[in-house]
Amino acid sequence: MLLKQKKYGYVDMITLSMKTSPMYSCIFAVKSIIDALLPTFTIFVTANFLNTAIAVYNKETDISSVYRMVAFLAGMLMYNMISSIFMDLINCNRNIYFRKKLVPEMLEKRTRLEYRHIENPKTADLINRVCPPFDSEVWGMYSQVLSVVNLAVYIMGITITLFMQVWWIAITMFVASGPILYIATKAGKQSYNADREMTKIDRRVNYLSSVLKSREAVEERSIYGYSKNLNDQYSDNFGFARKFKLKVARWNFIKSKTGGIATTVYSVCAMLTLLSQVANGKMTIGMFIALMGAIFGLSQKLSWGINSLVEDLTRKREYLKDLTEFMILDEHKDALVKPAKNMTFKVIEFKDVSFTYPDTDRIILDGISFTIENGKHYSFVGVNGAGKTTITKLITGLYNNFEGEILVDGRSIRELTQSEIKGLSSVVYQDYARYYISLYDNIAIADLDNPNNQVKVEEAIDLVGLSEVVMNLKDGLDTPLGKIMDNGVDISGGEWQRTAMARSVMSAAPLKILDEPTASLDPIGESMVYRNFEQISRGMTTIFISHRLASTKLADIIYVLSEGKIIESGSHSTLMTEKGVYYDMFQSQAEWYRNTDEYIKEETIYD
């Protein structure tokens with residue numbers, strides 16, 4: 001494993017790339033050093049060429065003396081041209097290799113994170129800063145180090161050459177680079193801090209952009225005409241971010257420009273000094289011209305190149321601080337294991353369980369106690385925000401920072417392995433996943449040990465009422481869903497829901513949970529889905545969660561939640577007799593389902 005829980009620093013800018021690929025890292029290192037030495041070599045070749053050319057012009061030597069220098073210069077030009085093409089090819093292969101090796105490792109680390117970090121805005125911003133660009137950041141850091149080495153070797157070569165000619169010019173140039181380095185370092189920190197502050201704004205801007213461009217929202221954008229409002233919000237957020245970054249960039253530009261003016265003045269002074277050396281015969285014309293080209297080139301690097309380089313290097317250092325913070329986030333070590341096979345239970349018991357989401361004060365569950373017995377059907381009902389979905393998050397192990405006890409056959413759920421927790425339940429959420437892969441794969445992924453079990457997939461499709469849909473698809477089960485592929489097909493929201501339910505049917509988990517997956521269906525369709533799912537799951541344990549009451553008649557026990565507490569429990573008939581909160585809720589929704597039973601009896605699609 002390349003990623004570890006440690007404090008990352010400048011040394012890791014080298015080691016991360018070296019551990020990823022020693023071969024590619026060494027190739028680019030050698031190329032960088034050669035490129036750094038060439039300018040110094042060019043000074044002497046150019047000086048020799050000019051002096052020889054002048055001597056030929058003055059008839060002091062034969063023209064054949066120039067040929068060797070011309071050959072050297074031509075060779076360097078050929079090297080620059082060929083090496084550039086060759087390194088572009090190598091870099092393309094290097095980019096593919098780094099992506100294949102680093103992206104999966106970062107995805108694994110991200111997968112192991114405790115779920116609370118995903119829902120926490122602060123750590124979510126940290127994840128967004130660290131994860132997506134990881135492979136490019138690793139190479140970017142190493143490239144910056146190579147650029148520093150390249151610049152150091154380049155400056156050293158020019159400085160030594162100058163020292164051999166006029167020693168004090170070389171020393172003053174070296175001293176003058178100190179303030180420029182300091183300014184560049186400060187600019188780099190300011191730029192990265194600006195990026196860090198802008199992460200939340202960028203996340204909001206990206207979300208607004210996706211809503212404005214996505215196919216999923218196009219109908220509502222057209223019907224309700226809210227595009228202008230979103231455009232205004234996008235413009236406001238984008239404008240704020242742009243002005244903030246521009247302010248930082250402006251100050252960095254002014255500082256860099258000041259350094260550029262200083263180095264330009266220094267170069268002019270150096271030129272005047274070297275002219276006196278030529279006039280006194282202490283320096284040849286060829287060496288003067290070659291040195292002046294090198295000095296002005298060095299001036300540009302000191303004024304702009306070094307500023308940009310150190311600024312980027314400082315930004316990378318700040319990225320490593322974020323990486324250090326990211327790596328110490330709590331995680332489940334065995335999060336990548338497959339669900340346990342043949343997982344069973346007799347009873348799941350909540351004993352005086354209370355829960356508050358991290359970094360919040362609101363109590364979501366307030367000392368609730370109840371049991372889930374194997375083979376029975378349960379329904380949790382209540383208004384939005386009553387804590388129904390939170391219960392599923394605790395059962396599925398997404399959070400373990402609750403008070404009280406959750407016991408599975410007497411064992412604390414905290415003692416269960418991730419494999420056992422995954423094998424315990426399957427959930428169909430209201431915001432179920434839509435995978436833009438084939439319909440078959442959409443369902444088969446629920447049983448990773450038997451991905452080619454077509455008979456079981458077809459049984460699941462038949463049970464949830466998707467058979468007719470499959471028959472009408474051009475490529476049947478092999479039809480890609482969504483519009484990513486050319487032959488992809490969009491299916492309706494209800495059909496996506498049935499696909500999600502088919503995944504639950506495929507799962508071998510003994511506990512099936514439906515967490516308001518029918519929210520986008522009409523009441524009759526909702527009742528049909530719940531009845532069908534009840535037939536599918538006979539002999540299993542099911543939990544229906546909804547603020548609509550289509551599922552409650554199917555449940556053996558109904559738990560009514562309000563403000564994090566269970567205020568009523570019992571069967572449908574018992575709760576109706578008590579005429580409490582459940583009775584009032586059911587009566588208020590009765591009109592929705594008045595003729596549902598008669599309608600369902602007439603339907604044959606689910607028979």
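Asp475 and Asn487 get closest at one heavy-atom pair: OD2-ND2, 3.6 Å. For Asn401 against Pro358, the heavy-atom pair with the smallest separation is ND2-CG, 3.8 Å. For the residue pair Val130 and Tyr319, the shortest heavy atom distance occurs at O-OH, 2.8 Å. The two residues Gln5 and Lys333 have their closest heavy-atom pair at NE2-NZ, 4.3 Å. The heavy-atom pair separating Lys109 from Leu3 by the smallest distance is CB-CD1, 4.5 Å. Of all heavy-atom pairs spanning Ala335 and Thr111, the tightest one is CB-O, 4.0 Å.
Between Trp139 and the choices Phe98, Tyr24, Tyr97, the ring pair (Phe, Tyr, Trp, His ring centres under 6.0 Å) rule is met once, by Phe98.
With hydrogens and angles left out, the side-chain atoms of Asn442 and Thr499 include no donor and acceptor closer than 3.5 Å. Neither side chain, Asn400 nor Tyr115, offers a donor N or O lying under 3.5 Å from an acceptor on the other.
Phe86 CZ: 12 or fewer foreign heavy atoms inside a 6.0 Å radius.
Within the 3.5 Å criterion, the main-chain N or O of His332 finds no donor-acceptor partner in the side chain of Gln418. Ser419 places a side-chain N or O within 3.5 Å of a backbone atom of Lys338 that can act as its donor or acceptor partner. Not a single donor-acceptor pair under 3.5 Å links the side chain of Ser32 to the backbone N or O of Phe28. Counting only distance, with no hydrogens or angles, the side chain of Lys101 and the backbone of Thr20 share a donor-acceptor pair below 3.5 Å.
How far CG of Leu37 is from OG1 of Thr42: 10.5 Å, rounded to the nearest 0.5 Å. Between the CZ atom in Arg112 and the CG atom in Leu107 there is a gap of 11.0 Å [rounded to 0.5 Å]. Distance check, rounded to the nearest 0.5 Å: CG of Leu323 to CG of Leu126 gives 9.0 Å. Atom CD1 of Ile437 sits about 12.0 Å away from atom CG of Asp478, to the nearest 0.5 Å. Between Ser426 atom OG and Asp447 atom CG the span is 11.5 Å, to the nearest 0.5 Å. If you take CG on Leu320 and CE on Met141, they are separated by 4.5 Å, rounding to the nearest 0.5 Å.
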Exercise. Start with the C-alpha distance between Asn150 and Asp35, add both sets of side-chain angles, then the distance that settles side chain to side chain contact (heavy atoms under 4.5 Å, CB included), and finish with yes or no.
Key: CA-CA 7 Å; Asn150 179 283; Asp35 289 347; 3.9 Å; yes
- Could you check Thr123 against Glu325 for side chain to side chain contact (heavy atoms under 4.5 Å, CB included), going step by step and ending with a plain yes or no? CA-CA 9 Å; Thr123 50; Glu325 186 179 349; over 6 Å; no
Could you walk me through whether Asp125 and Arg129 satisfy the salt bridge (Lys or Arg N to Asp or Glu O under 4.0 Å) test, starting with their C-alpha distance in whole Å, then the side-chain angles of each, then the deciding distance to 0.1 Å, before giving a yes or no? CA-CA 6 Å; Asp125 287 336; Arg129 289 198 303 271; 5.6 Å; no
Requested in this report: Go through Phe72 and Phe49 one step at a time and tell me if the side chain to side chain contact (heavy atoms under 4.5 Å, CB included) criterion holds.
Outcome: CA-CA 10 Å; Phe72 273 127; Phe49 169 76; over 6 Å; no
Run Glu108 and Arg110 through salt bridge (Lys or Arg N to Asp or Glu O under 4.0 Å) and show every step you take. CA-CA 5 Å; Glu108 286 185 11; Arg110 190 170 181 173; over 6 Å; no
ask   = Going through the checks in order, is the salt bridge (Lys or Arg N to Asp or Glu O under 4.0 Å) test met by Asp12 and Lys6?
value = CA-CA 11 Å; Asp12 295 293; Lys6 55 171 283 188; 2.7 Å; yes
> Step by step, would you call Phe326 with Cys131 a side chain to side chain contact (heavy atoms under 4.5 Å, CB included)?
Replying inline: CA-CA 9 Å; Phe326 171 76; Cys131 293; 3.6 Å; yes
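At least one side-chain heavy atom of Arg116 sits less than 4.5 Å from a side-chain heavy atom of Asp330. Proximity of Ile285 to Ile54: side-chain heavy atoms (C-beta onward) are separated by under 4.5 Å at one or more points. Put simply, the side chain of Ser136 does not reach to within 4.5 Å of the side chain of Arg99, judged on heavy atoms. With a 4.5 Å cut-off on side-chain heavy atoms, Met78 and Met76 do not count as touching. Contact annotation: the side chain of Glu137 approaches that of Lys316 to within less than 4.5 Å [non-hydrogen atoms, C-beta and beyond]. Counting only heavy atoms from C-beta outward, the side chains of Lys321 and Tyr8 never approach each other to under 4.5 Å. In this structure the side chain of Ile127 reaches within 4.5 angstrom of the side chain of Ile118, judged on heavy atoms. Glu114 is not listed as a side-chain neighbour of Leu329, based on a closest heavy-atom distance of 4.5 Å or more.
Sorted by first and then second residue, the pairs that involve residues 83-93 and meet side chain to side chain donor-acceptor pair (under 3.5 Å), not counting sequence neighbours, are Asn91-Arg94.
Less than 6.0 angstrom separates the ring centroid of Tyr399 from the ring centroid of Tyr357.
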